[in-house]
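In the text below, chain A, chain B and the rest are named by the order of the sequence lines, each starting its count at 1.
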Amino acid sequence: MPRPPSPESFLPLKPHWFHVLLSLADREQHGYGIMLEVLERTGGKVRLWPATLYGTLKRLMDEDLIEESDERPAPEADDARRRYYRLTRLGRRVLAAESTRLEDLVRLIRAKRGMAERGAES
Amino acid sequence: MNRPVAISLRMYRALARAFPQEFKNAYGDELVQVTEEAIEPIWRRHGVPGLVRLLVDIAIRVPAEYLAEFRQDVRYGLRTLAASPGFTAVALISLSLGAAVATSAFSELNGMVLRDLPGVAKPDELVMVQAPASYPQYKRYRELTDVFSSTFAYVAPVPFGVSLAGRTERIWGHLVTPSYFPTLGLRPAAGRFFDKQQEQPGQPPVAVVSYRFWQDHLGADPSVIGKTLRVNAHLATIIGIGPKDFLGASPMFFPADVWLPVSVGGRVAPELADNALERRDAAMFQVVGRLKPGITMARAEAELDAAARQVEREFGDVNKYRKDRRVHLLLAGRLIPIRKHDLPFLTGFVMVLAGLLVLIACANVANMMLARATQRRKEIAVRLALGASRFRLIRQLLTESMLLAAGAGALGFCICAWLMHGASQTKMPTPMPMGYDLEPDLRVLLFTLALTVLTGLAFGLAPALQATRMDLTPALKEGGNVRFRRHRRLSLRNLLVVQQVAGSLALLLLTAALVIGVRKAVGTEVGFDTRRLHLISLDPVRDGYSPERAAAFFPKLLERVQGLRSVTSACLTDTVPVSMNGNGWVPFTTADAGDANARVVHGALKYTVGKDYFETLGIPIVLGRGFRKTDEANDAPAVIVSEKLVREYWKGEDPLGRRIETGSYEANPYAGGVFLGSFDYRAGSLGRRQVFEVVGVAKDTKVDLMMDGAPPVLYFPLHPADYAHPSLQGVTLMVRAAPGVDAAGAVWREISAMDANLTPFNARTMPEQVDQFIFLFHVASYTYGTIGVFGLILAAAGLAGVTAYSVAQRGREIGIRIALGARGADVLRLVMKEGAVLVAVGTAIGLAGAWAGARLVSSAQSVAAKAIATPSSPLVLVGIPAMLAGLALLACYVPARRSLRIDPVVALRQE
């Protein structure tokens, strides 16, 4: 059995992958749900077009970052044709690693900007 | 739903159906469903651009998914190959050997036959008259302006004595009409080419030199235009430098470094002496024309032929009753001028041989793949059961084959490039520098690529189809590969054994026939003593001697050399025996009154030799006398014939005193030698009629490339006229040295003592001359030998592999038979019998294939054909099939024997 890959080996994460993983961070979702959430979260800036979305989902499944969920929502909200996806343990760790990387990056940018502003003042 | 949305959705669904099967199975429905939900909001928000974006999205994803699948296949394939390094290594070696041989064969063909003349414009329009013509004839040809847009004639090869830095070097070139360069469509690298003016005789001599000559001999001096060059002891002004890489219109056989216009005349170029431009018997001009657009070669050939016939009619030539074609056209835009209809054959022969080899390599690997596929039955069955499509699995297996083929193709190409680089560096020991470049080019690369794809399919497809065609249930069960199939006779496995035997046998027989034939042809036994025999050539006319002075010089030189203490005997000769340049083939008729056969034209090799030739070489005169001094006077009628000639034409008659006539029939200038370069430009198509009388018979010497031993030979005495007009090899002084002394040095000193300005060339010993002569044939026999050895290795490995595998597969069946009470000997006999039937069928097909191949090869006029036409020894015809059959049966026996040792209980338990 080959050892599972380390989360770091996926970094930096492709933007689409990041968005999909982020959408699944707090709950299970079906494909359309992921699409709507990403659209909403980014204020309409990022639209995952359907074919791209499913290409990404397949890739994430192949890499074992997400899996199909066997729990279904309440019967009245359930559409039998829909599949629900959730993060795997690896997927959660990859998402965490990417988030940390992005936070570090943002911190770096802020620090740089702060220095530049101070430099402009003096 | 409005119209744009409906149309988009319909298109979207169609595109979604184009996804790869696996993707479609997993996500197809969902994808369409999501799109159905999302399309209305998209339409409302983005309008038509939104719909377009939606469609573009899926249009990009479809190929991307296929690519992803392909990448996955490649990764998986590489992993599988890496997991069985033994199989991978053997397959790679097998296939790259095959690819290397095939690519090398093609590369050689490409370098020799397929490549166009460098730098020449529209080479396909250029045609060349096969036999050289006389200048008056050329003048007639060039009037055919409705066929040719332009024409030129040239004499080649022409040796020039060029003075460079104080010493004279023999440089080869062409004597050309001014239309030479314009017709080829060339531009000078510097200066200009000849113009119309140079057609008039009496112009001051001008010369064009090759780019190579300019770099190697003139120090790439940019101010060289307008300077003079000493050519044949006359000053010629350099007016231009040829384009880079251009070495004349026939660079393989007559590469040219210096071009002089034919108007320089006989004073500068001895070839043109005696009004050669006016004489109809001086057929030494190669004629090349550029066809007008839309004119076919057949049309041009017909018109030229008509023109040639008209010339014959006008002058009442003897030839006029001949019915056959006078003019044959060759493609002149190639490195070697060839007849158009010879091209498929030339290509075919090499390709058939190489193809057989590749086929064997493919069969080897296919067999191993098949064996592996059986081992992988479970893996395949599991994947099929899990819903992978058969097509997908076949593609997966084919990807593996393609990976192997690609690796082998790359390796093979590297081996070929290395081999061909070595071959191109090898200097051919020809008297004239033959230029050739076999380095693989783009065309060769494309060939390798095509070969790779083809072999990948050839050895991959059948096993892939076979492996994926299975009944799942038994395969999924442990060890479910025992089936007593009914129709075993026609199974793929048996076909492979048969094909393997047949292919190997055909290839080995063909190559063996070639190798043996070439070896026979070479025969280093030359029929005279070659020890301590030294040769040195002179061509004083090109050092500025007048014909009279040359004629006076040679007898004096011979006398002085014969007087040397270190020399036991010496002679002068025009014809050098065992020479790459070959000798002219002279047609003759008997001129005796009352001879019933007077009209029969015979032919013989023409030797022009000094009177001491027979004594120096040690060739006995078996009847009559040798040449005397009186025979060397111009127009003396004495001639000596070889024993073979007497046997052939005058069996049982007394040859002495018989008279023969020469000069009345056209000599085919190409007939004497094997190579294009071997013709003698002095051989007039219609020479003066001359009658000779046989004064002696010389013992046969096997000195030429004749498969059937010594040829009939006519020895003519060396006349003073020959000193001024020697063959391309000059006049050669042959010296037999006394043992243990440096005779060559003494001769050299003697020559420079007589005239330090003379340029002796081609100093060599007779054994060196013989080596030089058979060099090409050694190369040929090594080449075919190497192919044969490659083939033998492949055939042995493959045959053993196939049979061993096919028997090993039955191991469990054998175990069960034993468990059921069969005796070991009976089982062994059964296996061997079945093996023997397959081997017998394969042998029969292989023999038939070899016969067909030999017929194909023999249909051509070439050395290879002559070689293969020599009957193969029974050793080959029986030995090779016996060896292969023995090998195959051994490969049956060993694994069958091992299977017998399987404990029947183990075999049964696995059921």
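Of the two parts of B/Ala68, only the side chain, counted from C-beta on, holds a non-hydrogen atom closer than 4.5 Å to a non-hydrogen atom of chain A. Neither the backbone nor the side chain of A/Leu48 comes within less than 4.5 Å of any heavy atom of chain B.
In this structure, B/Glu22 CD and A/Lys58 NZ are separated by 6.5 Å, a value rounded to the nearest 0.5 Å. Annotation: the span from B/Arg61 atom CZ to A/Thr56 atom OG1 amounts to 6.0 Å, rounded to 0.5 Å.
Nearest heavy atom pair, residue A/Tyr32 against residue B/Pro41, reads OH-CG, 4.3 Å. For B/Glu65 against A/Gly55, the heavy-atom pair with the smallest separation is OE2-CA, 3.8 Å. Residues B/Ala38 and A/Met35 share a closest heavy-atom pair of CB-CE, 3.3 Å.
Heavy-atom contacts from other residues, nucleotides or ligands closer than 6.0 Å to CZ of A/Arg59 number more than 12. The 12-atom threshold is not exceeded at CZ of B/Phe70, counting heavy atoms of other residues, nucleotides or ligands nearer than 6.0 Å. The number of heavy atoms from other shown groups lying within 6.0 Å of CZ (A/Arg89) does not exceed 12. Counted within 6.0 Å of OH on B/Tyr66, heavy atoms from surrounding residues, nucleotides or ligands total more than 12; the atom is thus considered enclosed. The local environment of CG in B/Asp29 is sparse, with at most 12 non-hydrogen atoms from other residues, nucleotides or ligands closer than 6.0 Å.
With contacts defined as side-chain heavy-atom distances shorter than 4.5 Å, the pair B/Ile58/A/Pro50 does not qualify. Counting heavy atoms from C-beta outward, A/Arg47 and B/His46 have side chains that approach closer than 4.5 Å. Inter-residue side-chain proximity for B/Arg45 and A/Leu39 is flagged as met; some heavy-atom pair is nearer than 4.5 Å.
Under the side-chain contact (heavy atoms from CB on, under 4.5 Å) rule, A/Trp49 has a single partner from B/Ile60, B/Leu55, B/Ile42, which is B/Ile42.
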### B/Tyr27 vs A/Met61, side chain to side chain contact (heavy atoms under 4.5 Å, CB included): CA-CA, chis, key distance, verdict
CA-CA 12 Å; B/Tyr27 305 100; A/Met61 293 273 279; 3.4 Å; yes
